[in-house]
*Asks:* 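Please find one structure pasted underneath; my questions will follow.
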Number of protein chains: 2
Amino acid sequence: MARPAPQTHGEILAAAAKRFAVTGYRGTSLQDIASEVGCSKAAVLYHFANKEAILTELMAPAIEVLRALDERIAAQPEPASAQRVAAEGFVDLAVRFRGEIALLRGEFPELLQQPDFAHIQQISERLLAALAGRSERASARIAAFVLLAGIAETCGEFSDVADEELRDALLALLRRALAPVH
Amino acid sequence: MARPAPQTHGEILAAAAKRFAVTGYRGTSLQDIASEVGCSKAAVLYHFANKEAILTELMAPAIEVLRALDERIAAQPEPASAQRVAAEGFVDLAVRFRGEIALLRGEFPELLQQPDFAHIQQISERLLAALAGRSERASARIAAFVLLAGIAETCGEFSDVADEELRDALLALLRRALAPVH
DNA sequence: AGCATGCCTGACCGATCGGTCAGGAGCTGA
DNA sequence: TCAGCTCCTGACCGATCGGTCAGGCATGCT
């Protein structure tokens, strides 16, 4: 019809991001996305192999940064430095990609099961270990888990707070809350 | 058939709890629950008006405790005491009902939209305000949100940790992490 | 014996889901 | 002019969802 050019791919991506942010991944149907774009559901599936492929492409930049952070953490020989790198890197990532993280709207557990995101679970585990100061103590791991999950849930809210202010608040919280490495 | 007595109501509740804990509320169908019990889907809907009624009954005790906590917090005239009551009360609730909270598996946002749980959103807001020391500063509210959401997400994990140990770890974390009231 | 009631079943309903498919419109190069 | 390609459509598919309904089978009261 009136669709002039093949920028549709990008439009679908943008529409999907918009809808996912409101109703979550599972709560958004291909028809919802198609309606938002103004095309047919079949057109959406012409540009993307399936629904999961849309999410994968949407999250790709954030996942790449997460992967890089994982490498930087792994390169730290000392627990204390690994904890610092993990804290600063994760806060930075959470703030920068807070829009993308918000898309998941608490669907982390299910989404992580999907084959495309399988390796993220392992990265999360290493991130948790680093934040816990590579300690096996339950209290350290519990605190790290609370902060990790809490920050992931939080960054989507507070969209009215500037990046800078959000990052400072989260970093200050982490510095107060993380058990010091001993 | 061989179903002897009307303890089916309780069996359905138990089966639903078991399944919700694994696949979440939305990820569990009435047929799943019926199969777990060993009855028909129609039998499930004979005992419960609809799917949501199962969840409502499952969460009722936890919600009642939450409501009582809300009242106790509201009765505190000073921000400092309200913060203390909120922190201790919420940790206690999270640990006691960690099984129930785990059922929700990150489906809080959607579930809170449902009419049966509408008032919980307001209670959560007051809980957040109390933890933030009734401060309007963004940093205080951000920290409170991270801790609230993080604890809710956490208590379902660490099922191998004893109640006592989990509560102590969470309380110690809150004491470190909460911005002091000034 | 007859009847009501509680508990439960299988068959069925409309809606919605992700995904497929044949084909059409419009452009491009031979 | 016509073949071929990209982009897209509407019709359709099987599966699954929550929920309904008429009826069946015990049990217990009259």
Side-chain angles (χ1 to χ4, degrees), chain A residues 1-20 22-59 103-105 107 110-111 113-117, chain B residues 1-59 103-105 107 110-117:
Chain A
M1 203 62 82
R3 318 232 92 256
Q7 78 261 27
T8 317
H9 188 94
E11 285 179 31
I12 292 171
L13 231 34
K18 193 169 162 185
R19 299 293 308 163
F20 288 169
V22 177
T23 48
Y25 175 71
R26 297 225 284 196
T28 300
S29 70
L30 292 173
Q31 186 57 62
D32 290 336
I33 298 170
S35 301
E36 180 85 29
V37 175
C39 68
S40 71
K41 189 179 65 167
V44 173
L45 287 163
Y46 170 78
H47 286 280
F48 295 89
N50 49 45
K51 191 184 176 186
E52 193 188 343
I54 303 176
L55 183 66
T56 303
E57 192 164 325
L58 228 31
M59 302 300 289
L103 302 189
L104 305 180
R105 300 251 311 162
E107 297 180 55
E110 296 89 338
L111 259 7
Q113 309 281 38
Q114 299 201 269
D116 275 18
F117 300 115
Chain B
M1 205 63 80
R3 318 229 94 260
Q7 78 261 28
T8 318
H9 188 95
E11 285 179 33
I12 292 171
L13 232 33
K18 193 169 162 186
R19 299 294 306 164
F20 288 168
V22 178
T23 48
Y25 175 72
R26 297 226 283 194
T28 300
S29 69
L30 292 172
Q31 185 56 62
D32 289 337
I33 298 170
S35 301
E36 180 86 30
V37 174
C39 69
S40 68
K41 188 179 65 168
V44 174
L45 286 164
Y46 170 78
H47 286 279
F48 295 88
N50 49 44
K51 191 184 175 185
E52 192 186 344
I54 303 177
L55 184 65
T56 302
E57 191 163 326
L58 228 31
M59 301 300 289
L103 301 190
L104 304 179
R105 299 251 311 160
E107 298 180 54
E110 295 89 339
L111 259 9
L112 289 187
Q113 309 281 38
Q114 298 201 266
D116 275 18
F117 300 114

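Within every chain, numbering begins at 1; the chains are lettered A, B, ... in the order of the sequence lines, protein sequences first and strands thereafter. Predicted model only: the values in this text are computed from it and were never measured.
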*Asks:* Check whether any side-chain nitrogen or oxygen of A:His47 sits under 4.0 Å from OP1 or OP2 of D:dT6, and answer yes or no.
*Replies:* no
*Asks:* Going by distance alone, is a donor N or O of one side chain under 3.5 Å from an acceptor N or O of the other, for B:Asp32 and B:Ser29?
*Replies:*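 On atom types as modelled, these side chains qualify, holding a pair under 3.5 Å.
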*Asks:* Checking A:Glu52 now: which residues fulfil side chain to side chain contact (heavy atoms under 4.5 Å, CB included) with it, not counting sequence neighbours?
*Replies:* A:Tyr25, A:Asn50, A:Thr56, A:Gln114, A:Pro115, A:Asp116
*Asks:* Strictly below 4.0 Å: does A:Tyr46 bring a side-chain N or O up to OP1 or OP2 of D:dC7?
*Replies:* yes
*Asks:* Is the distance from OP1 or OP2 of C:dC7 to the nearest side-chain N or O of B:His9 less than 4.0 Å?
*Replies:*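 Checking C:dC7 against B:His9, no side-chain N or O comes under 4.0 Å of OP1 or OP2.
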*Asks:* Nearest whole Å is fine: how far is C:dG18 P from A:Tyr25 OH?
*Replies:* 8 Å
*Asks:* May I have the distance from A:Phe48 (atom CZ) to D:dC8 (atom C1'), rounded to whole angstrom?
*Replies:* 15 Å
*Asks:* Quick one: is D:dC8 close enough that its OP1 or OP2 comes under 4.0 Å of any side-chain N or O from A:Thr8?
*Replies:* yes
*Asks:* Within the structure, does a side-chain N or O atom of A:Ser29 lie under 4.0 Å from either OP1 or OP2 of C:dT16?
*Replies:*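 Checking C:dT16 against A:Ser29, no side-chain N or O comes under 4.0 Å of OP1 or OP2.
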*Asks:* In whole angstrom, give the distance that lies between atom CG of A:Asp32 and atom C1' of C:dG19.
*Replies:*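 Value for this atom pair: 16 Å.
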*Asks:* Who pairs with B:Phe117 by ring-ring contact (aromatic ring centres under 6.0 Å, His included), at least two apart in sequence or on another chain?
*Replies:*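 Scan of B:Phe117 (ring-ring contact (aromatic ring centres under 6.0 Å, His included), adjacent residues dropped) gives none.
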*Asks:* Going by side-chain contact (heavy atoms from CB on, under 4.5 Å), B:Leu13 matches just one of B:Leu58, B:Thr8, B:Ile33, B:Val37. Which one?
*Replies:* B:Leu58
*Asks:* Across the strands shown, which category fits B:Leu45 at heavy-atom distances under 4.0 angstrom: base, sugar-phosphate, nothing?
*Replies:* base
*Asks:* Just how far is it from atom CD1 of B:Ile12 to atom CD of B:Gln7, taken to the nearest 0.5 Å?
*Replies:* 10.5 Å
*Asks:* For A:Ala42 and for A:Arg26, find the nucleotide of DNA chain C with the closest heavy atom, then tell me which residue's nucleotide is more 5'.
*Replies:*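 Closest to the 5' end, via its nearest nucleotide, is A:Arg26.
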*Asks:* Take the protein atom NZ of A:Lys41 and the nucleotide atom P of C:dT20, then report the distance between them rounded to whole Å.
*Replies:* 11 Å
*Asks:* Output all residues satisfying salt bridge (Lys or Arg N to Asp or Glu O under 4.0 Å) with B:Arg26, sequence neighbours left out; order by chain, then residue number.
*Replies:* B:Glu110
*Asks:* In whole Å, I'd like the distance from the CD atom of B:Gln31 to the P atom of C:dG10.
*Replies:* 10 Å
*Asks:* Mind checking whether A:Leu55 and A:Leu104 have side chains closer than 4.5 Å, heavy atoms only?
*Replies:*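 Yes, side chains in contact.
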*Asks:* In whole angstroms, how far is the C1' atom of D:dT6 from the CD atom of A:Gln7?
*Replies:*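 Checked: the CD to C1' distance equals 14 Å.
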*Asks:* Let me have the donor-acceptor pairs involving side chains of residues 38-46 of chain B, under 3.5 Å, with sequence neighbours excluded, atom names and distances please.
*Replies:*
from    : atom 1 : to      : atom 2 : distance (Å)
B:Ser40 : OG     : B:Ala43 : N      : 3.1

*Asks:* Do the non-hydrogen side-chain atoms of A:His9 and A:Glu57 ever get within less than 4.5 Å of each other?
*Replies:* yes
*Asks:* Among D:dG18, C:dG18, D:dC8, which nucleotide has an atom closest to any side-chain atom of A:Ala43?
*Replies:* D:dC8
*Asks:* List in numerical order all residues of residues 50-58 of chain A for which some heavy atom is under 4.0 Å away from an atom belonging to DNA chain D.
*Replies:* none
*Asks:* Please write out each protein N/O paired with an N/O of nucleotides 25-27 of chain D under 3.5 Å, distance rounded to 0.1 Å.
*Replies:*
none

